[in-house]
Protein chains: 2
Amino acid sequence: MTPTRGYHHGDLRRALLDTAVEAISESGPAALSLRDLARRAGVSHAAPAHHFGDKAGLLTALAVQGFDLLAETLGQAGDDLLAAGVAYVDFAVRHRAHFEVMFRPELYRAQDPQVRAASDRAGNVLRDRVAGLPARDGGAGEPGRDALAAWSIVHGFATLWLAGALPPRVGDDPREAARYVISRLVE
Amino acid sequence: MTPTRGYHHGDLRRALLDTAVEAISESGPAALSLRDLARRAGVSHAAPAHHFGDKAGLLTALAVQGFDLLAETLGQAGDDLLAAGVAYVDFAVRHRAHFEVMFRPELYRAQDPQVRAASDRAGNVLRDRVAGLPARDGGAGEPGRDALAAWSIVHGFATLWLAGALPPRVGDDPREAARYVISRLVE
DNA sequence: CGAGCAATCTTGCCAGTGACAAGTTTCGAC
DNA sequence: GTCGAAACTTGTCACTGGCAAGATTGCTCG
């Protein structure tokens with residue numbers, strides 16, 4: 001798979017990001033250790049610093065990757081808001097490590113231009129989907145409020161799901177559960 | 001205020017919890033240092049361990065305190081779901097440190113009996129308020145789905161607010177903004 | 001082809017942290 | 001007043017992030 005032999009690793013930056021995703025999925029972003037990443041990748045403890053500067057730099061790169069992945073996922077989800085909402089929750093569960101970093105700005109440099117750009121891309125896709133929401137009660141909906149309400153409900157459900165705070169009767173299929181809950185808003 | 005003189009602090013447990021809330025409000029739970037707490041309280045670096053065992057023990061106590069405070073806050077908020085939802089968001093903003101710990105179970109012992117009891121108390125109050133939700137479209141609402149949708153939307157809005165992820169046009173008054181968003185669900 | 005330069009990675013170090021062990025001081029019950 | 005238990009201290013260890021300085025390698029340009 002990855003050669004990893006020789007003085008130069010070859011693709012250390014990517015390897016570190018992949019390993020970080022793995023480690024965060026196991027124990028959360030707080031427990032992430034650069035030295036552990038280095039050990040897993042078979043390099044010295046100072047190697048990560050060369051590519052990312054510091055821990056926040058690595059998590060910044062992970063956040064950019066996450067927002068791009070989210071934009072792509074939402075873009076492929078279909079036109080209507082329900083499908084986009086289900087895709088949002090599904091993204092959070094399938095890419096838990098990315099999701100947990102993305103919305104914890106104290107862990108990385110959220111004002112980094114690359115982060116802002118990627119975050120804007122994802123936000124635009126979400127807003128497009130909200131525009132397809134039918135107006136309620138036959139009247140004109142307020143796009144601002146609809147967007148905030150939609151984002152809040154999917155983000156809240158995803159967060160509670162990841163935290164294990166939801167009661168067992170919700171089941172173990174996040175997509176199905178998300179569809180059930182979101183339909184309360186868009187029905 | 002606090003005497004703190006003599007070999008015995010007098011009320012170290014409470015002092016540590018209060019200082020922890022302060023520290024977490026400043027820099028988040030990940031940056032919390034037991035040794036820093038001890039310094040702020042004017043005791044030795046190993047004193048906290050006597051009261052809480054380890055870091056997770058301190059955060060467990062903080063979570064219990066948080067869930068109790070949430071139950072109390074929701075109980076005082078009034079009968080209808082909108083008022084409870086606004087109170088939920090207001091709690092998250094005013095007691096940010098507690099809220100951030102409560103829904104990050106990897107930081108503490110979430111299966112601790114005291115935590116489960118306090119968490120159940122808060123959940124029961126929330127469920128009571130959902131029962132007061134008028135059925136939609138004149139038909140019968142589904143209490144399970146209504147409760148999940150309500151919890152999701154308030155939790156999601158609160159989380160996004162705390163993360164600083166919401167656009168500036170939402171304003172700077174969390175209660176007003178929360179009422180605006182939640183009304184989309186309960187109108 | 002090969003010389004030098006920049007990127008990559010290493011070793012070594014320092015301060016700070018959480019956890020544990022063992023000792024010291026004080027409180028309170030009897 | 002004594003004595004046991006609770007509260008707190010000192011000391012230590014392994015680990016972490018970050019920095020500095022050095023070693024190795026790939027790449028570019030003549």
Side-chain angles (χ1 to χ4, degrees), chain A residues 2-24 26-63 97 101 104-109 112, chain B residues 2-24 26-63 97 101 104-109 112:
Chain A
T2 43
T4 75
R5 55 179 170 271
Y7 195 93
H8 282 36
H9 181 282
D11 202 4
L12 183 58
R13 187 188 153 91
R14 172 179 300 269
L16 287 173
L17 284 175
D18 291 350
T19 310
V21 169
E22 208 176 310
I24 295 174
E26 291 167 9
S27 332
L32 185 68
S33 152
L34 290 183
R35 288 171 115 98
D36 181 53
L37 293 187
R39 274 191 295 269
R40 297 201 202 190
V43 294
S44 83
H45 66 87
H50 181 71
H51 290 277
F52 300 104
D54 57 3
K55 200 174 183 174
L58 186 144
L59 293 177
T60 300
L62 215 58
V101 171
R104 216 162 293 179
E106 76 276 11
L107 292 179
Y108 63 98
R109 285 181 268 278
D112 179 283
Chain B
T2 42
T4 75
R5 56 180 170 271
Y7 194 93
H8 281 36
H9 181 281
D11 202 4
L12 182 57
R13 187 189 154 90
R14 173 180 298 270
L16 288 173
L17 284 175
D18 290 350
T19 310
V21 168
E22 208 176 310
I24 295 174
E26 291 167 7
S27 332
L32 185 68
S33 152
L34 290 182
R35 289 172 113 96
D36 181 51
L37 293 187
R39 275 190 296 269
R40 296 201 204 191
V43 294
S44 83
H45 65 87
H50 182 71
H51 290 276
F52 300 104
D54 58 3
K55 199 174 184 175
L58 186 144
L59 294 178
T60 301
L62 215 59
V101 172
R104 216 162 293 178
E106 76 275 13
L107 292 178
Y108 63 98
R109 283 181 270 278
D112 179 283

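Remember, it's a predicted structure, so these values are computed and weren't measured experimentally. Throughout, a chain's letter reflects where its sequence line sits, starting with A, and its residues are numbered from 1.
Between A:Tyr108 and A:Ala56 the shortest heavy-atom distance is CB-O, 3.8 Å. The minimum heavy-atom distance linking B:Ser44 with B:Ala38 is given by the pair O-CB, 3.2 Å.
As rounded to whole Å, 16 Å separates atom P of C:dT26 from atom CG of B:Leu12. One interatomic measurement links the two molecules: NE2 of B:His50 to P of C:dT24, which rounds to 17 Å at whole-angstrom precision. Rounding to whole angstrom units, CZ of residue A:Phe52 and C1' of C:dT8 are separated by 13 Å. Atoms CG (A:Leu16) and C1' (C:dC9) sit 12 Å apart, rounded to a whole Å. Atom-to-atom, CG of A:Leu37 to C1' of D:dG17 comes out at 12 Å; the value is rounded to the nearest Å. Nucleotide C:dG18 holds its P atom 11 Å from the CG atom of B:Asp54, rounded to whole Å.
Proximity of A:Thr19 to A:Asp36: side-chain heavy atoms (C-beta onward) are nowhere separated by under 4.5 Å. The shortest side-chain heavy-atom distance between A:Val101 and A:Leu58 does not fall under the 4.5 Å cut-off. A heavy-atom distance below 4.5 Å is found between the side chains of B:Phe52 and B:Leu16.
Comparing the start and finish of the helix from C:dC1-D:dG30 to C:dC30-D:dG1, five pairs each, the helix axis swings through 10°, to the nearest 10 degrees.
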Full working for side chain to side chain contact (heavy atoms under 4.5 Å, CB included) between A:Leu107 and A:Leu32:
CA-CA 11 Å; A:Leu107 292 179; A:Leu32 185 68; over 6 Å; no
Go through it in stages, so that I can follow the logic: the residues are B:Asp18 and B:Asp11, the test is side chain to side chain contact (heavy atoms under 4.5 Å, CB included), and I'd like the CA-CA distance, side-chain angles, deciding distance and then a yes or no.
CA-CA 11 Å; B:Asp18 290 350; B:Asp11 202 4; over 6 Å; no
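Nearer the 5' end of DNA chain D, as judged by each residue's closest nucleotide, is the contact made by A:Asp36, out of A:Asp36 and A:Ala49.
When heavy atoms are screened at a 4.0 angstrom cut-off, B:Gly10 is found touching the sugar-phosphate backbone but no base atom. Counting any heavy atom pair closer than 4.0 Å across all strands shown, B:Ala46 reaches a base atom. A:Arg13 comes within 4.0 angstrom of no nucleic acid atom, judged by non-hydrogen atoms across all strands. At the heavy-atom level, B:His45 lies under 4.0 Å from base atoms of the strands shown.
For DNA chain C, the neighbouring residues in residues 26-35 of chain A, judged by any heavy atom under 4.0 Å, are A:Arg35.
Partners of A:Arg109 according to the side-chain hydrogen bond (donor to acceptor under 3.5 Å, both in side chains) rule, which considers only residues two or more places apart in sequence or in another chain, are A:Asp54.
Here the NE2-CG distance, from B:His45 to B:Leu37, works out to 14.0 Å after rounding to the nearest 0.5 Å.
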